[in-house]
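The chains referred to below are lettered A, B, ... by the order of the sequence lines, with proteins before strands, and numbering in each begins at 1.
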There are 2 protein chains.
Amino acid sequence: MTKLLGNLARTLRPSRISGGNKRMNTWQSVRAEVLERIRSREWAPGELIPTEEQLSQQLGCARATVNRALRELAESGIIERRRKVGTRVASTAARKATLEMPAIRDEIEAMGATYSYSLMLFEERMPSEKAMRALQVDANEKLILVKARYLADGQPHCCESIWLNPQSLPVPTRAVLEKLPAHEWLASQVPLTHGRYAILAEAASEPCAEHLGVAEGTPVLSIERTNWVDATPVSFARQFYRPQHRLVSEE
Amino acid sequence: MTKLLGNLARTLRPSRISGGNKRMNTWQSVRAEVLERIRSREWAPGELIPTEEQLSQQLGCARATVNRALRELAESGIIERRRKVGTRVASTAARKATLEMPAIRDEIEAMGATYSYSLMLFEERMPSEKAMRALQVDANEKLILVKARYLADGQPHCCESIWLNPQSLPVPTRAVLEKLPAHEWLASQVPLTHGRYAILAEAASEPCAEHLGVAEGTPVLSIERTNWVDATPVSFARQFYRPQHRLVSEE
DNA sequence: TAGTGGTCTAGACCACTCC
DNA sequence: GAGTGGTCTAGACCACTAT
């Protein structure tokens, strides 16, 4: 019975359109409509747009549907939402893009190449400046430094150095990291909750150039990554890629 | 009355816990629980996990709540979902990171610097190889090439070249682009639906080095961006940043 | 055809924050 | 205190796809 009523309501709806309001039943269509109103400047940057309740009435759909559409737009940075205040068109044209950060093993295998990995260095050491800041430790706290290299079909693909904080982690043995990249070992040991990346271009330092098989000073793409478990940073990695390498991203 | 019943149900729920099942009322707690089961290998990579219906019963919440949690996890690449098949733990450890791509004006102003912009070149031209591929045009179709430079406190910050396809766009005048960066003009003219980025490290070419005020061959961070309106690529841009520049990203 | 995820709805309560 | 977004729920239908 309720099912029948649901059906009835659904089929009747298109004919209930009145007052020139479009019926937008899906969250995608609501999102499209909102985007169009922003593009056309009907809602200008910095301006408040109607509340979810008002929009759901205007567009003839449930508030949850409007909420879904607006949430997606807020996640892409197109609008900004605050309780009690309302929803504003973002004044900046900032957009957010999504980057795939695959494990390097997958990256290499996706190219159709044969993956291999080798541990270059494993030792306790006082932190570098960058590692100190990233892991929030003192200069006299010893950390574990791991350097490794990834090869695709025997050719250098990427080299990395990782600092691990033994205060906040189980301590790996050298033997373990000879088999398994530190990132993969890390992910199997602790529940990583959050990461921060920085992407930059650098000139290859002498050891980095040697590991990658390029000339010193060659432009390399560098990714710095800090992993967190809740409020504690547990690892800081720097990865260097050969110049041909591209990070691709969708928006 | 219904309100009271709702209240009652809510307050009673915690005491209805039975069979050792935890009550996970929020989508965040469902997500945390799923992540924990994945980390602990209770659900191994590549394996199917229970259906939404089963999970909602196990965890004592609505299917929509489970759906929300699993949708978020699928968006971050932790799990993979297919209708009729079910939900699998992703076998790759790939993660997705979110990059802020602000308008360069905002980027510069966020540094507390004074923004300025200057148009360096505006002309019709046959496409370059890269532009041809990106905009899906023939070698003999003329495009508009725009080169420009952004300054922070009078110092070069970024330079860019943009190819526009006049077949699929209104055509800007030189005067317009002397005032307004091509990206901002573009966004005000057409509803951009989708973008693709590539991020790479390059050695500065001679003109690029000159625009950025660095030595030729210096490593520069390069962002290539193609903008789409539905299925049509309308612009292809290459931006070059000085070596200090970092793209930062959260996961 | 049947099973699974994807979505919509109406109603309700909660959480935050401005006044 | 009141207004707004954030979320949960129960039920329903739709869309896709393996079989």
inquiry  = Just to verify, what does A:Glu80 make a salt bridge (Lys or Arg N to Asp or Glu O under 4.0 Å) with, not counting sequence neighbours?
reply    = none

task = May I ask you to decide if the ring planes of A:Tyr241 and A:His157 are parallel, tilted or perpendicular, using 30° and 60° as cut-offs?
result = perpendicular

key: Out of D:dT9, D:dG5, C:dG5, whichever nucleotide has its closest atom nearest the side chain of B:Thr87   = C:dG5

note = Ranking D:dG6, C:dC8, D:dC8 by distance to the side chain of A:Thr65, first place goes to C:dC8

Rounded (10°) bend between the five-pair end axes of the helix from C:dT1-D:dA18 to C:dC18-D:dG1 = 20°

Considering only nitrogen or oxygen atoms on both sides, find all protein atoms under 3.5 Å from nucleotides 17-19 of chain D and state each distance.
from: D:dA18; atom 1: OP1; to: B:Arg82; atom 2: NH2; distance (Å): 2.4

Whole angstrom value for the distance that separates P of D:dT7 from CD of A:Glu72 = 12 Å

key: With sequence neighbours excluded, residues passing salt bridge (Lys or Arg N to Asp or Glu O under 4.0 Å) with A:Glu36   = A:Arg39

ask   = Looking at residues at least two apart in the chain, or sitting in another chain, which of them share a side chain to side chain donor-acceptor pair (under 3.5 Å) with B:Thr114?
value = B:Asp153

inquiry  = Distance check needed: D:dC14 P versus A:Asn25 CG, whole Å only.
reply    = 11 Å

ask   = Quick one: which of D:dA10, C:dA10, D:dG5 gets closest to the side chain of A:Ala62?
value = C:dA10

key: Contacts of A:Tyr115 that satisfy side chain to side chain donor-acceptor pair (under 3.5 Å) - sequence neighbours left out   = none

task = Sequence neighbours left out, what passes salt bridge (Lys or Arg N to Asp or Glu O under 4.0 Å) with A:Glu100? Give chain and number order.
result = B:Lys96

ask   = Whole Å only: how far is the CD atom of A:Gln57 from the C1' atom of C:dC8?
value = 17 Å

request  = Indicate whether OP1 or OP2 belonging to C:dT4 is found under 4.0 Å from a side-chain N or O atom of B:Asn67.
outcome  = no

ask   = Atom CZ of A:Arg68 and atom C1' of C:dT9: how far apart are they, to the nearest Å?
value = 15 Å

Whole-Å distance separating the CD atom of B:Glu53 from the P atom of D:dT9 = 13 Å

request  = Would you mind telling me which of C:dT9, C:dG6, C:dT7 lies closest to the side-chain atoms of A:Trp27?
outcome  = C:dT7

key: Whole angstrom value for the distance that separates C1' of D:dC8 from CG of B:Leu70   = 16 Å

ask   = Taking N and O atoms by type only, does the side chain of A:Arg63 place a donor or acceptor under 3.5 Å from a partner on the base of D:dT7?
value = yes

message = Could you tell me how far apart B:Arg81 (CZ) and D:dC16 (P) are, to the nearest whole angstrom?
response = 16 Å

key: Whole-Å gap separating P (C:dG5) and CZ (B:Arg88)   = 12 Å

key: side-chain contact (heavy atoms from CB on, under 4.5 Å) partners of B:Lys130, counting only residues at least two apart   = A:Arg246, B:Ser128, B:Arg133, B:Glu224, B:Phe236, B:Arg238

Closest to side chain of A:Arg71, choosing from C:dT7, D:dC8, D:dT7 = D:dT7

inquiry  = On DNA chain C, does the nearest nucleotide to A:Ala64 precede the nearest nucleotide to B:Glu52 from the 5' side, or the other way round? Give the residue.
reply    = B:Glu52

request  = With sequence neighbours excluded, give me every salt bridge (charged side-chain N to carboxylate O under 4.0 Å, His left out) pair touching residues 43-62 of chain B.
outcome  = B:Glu52-B:Arg63, B:Glu52-B:Arg81

query = When we call it a touch if two heavy atoms are under 4.0 Å apart, what does A:Gln28 touch: a base, just sugar-phosphate, or nothing?
reply = sugar-phosphate

key: Exercise: identify the closest heavy-atom pair between B:Asn25 and B:Gly60   = OD1-O, 4.3 Å

ask   = Any chance CD of A:Glu129 has more than 12 other-residue heavy atoms, nucleotides or ligands included, within less than 6.0 Å?
value = no

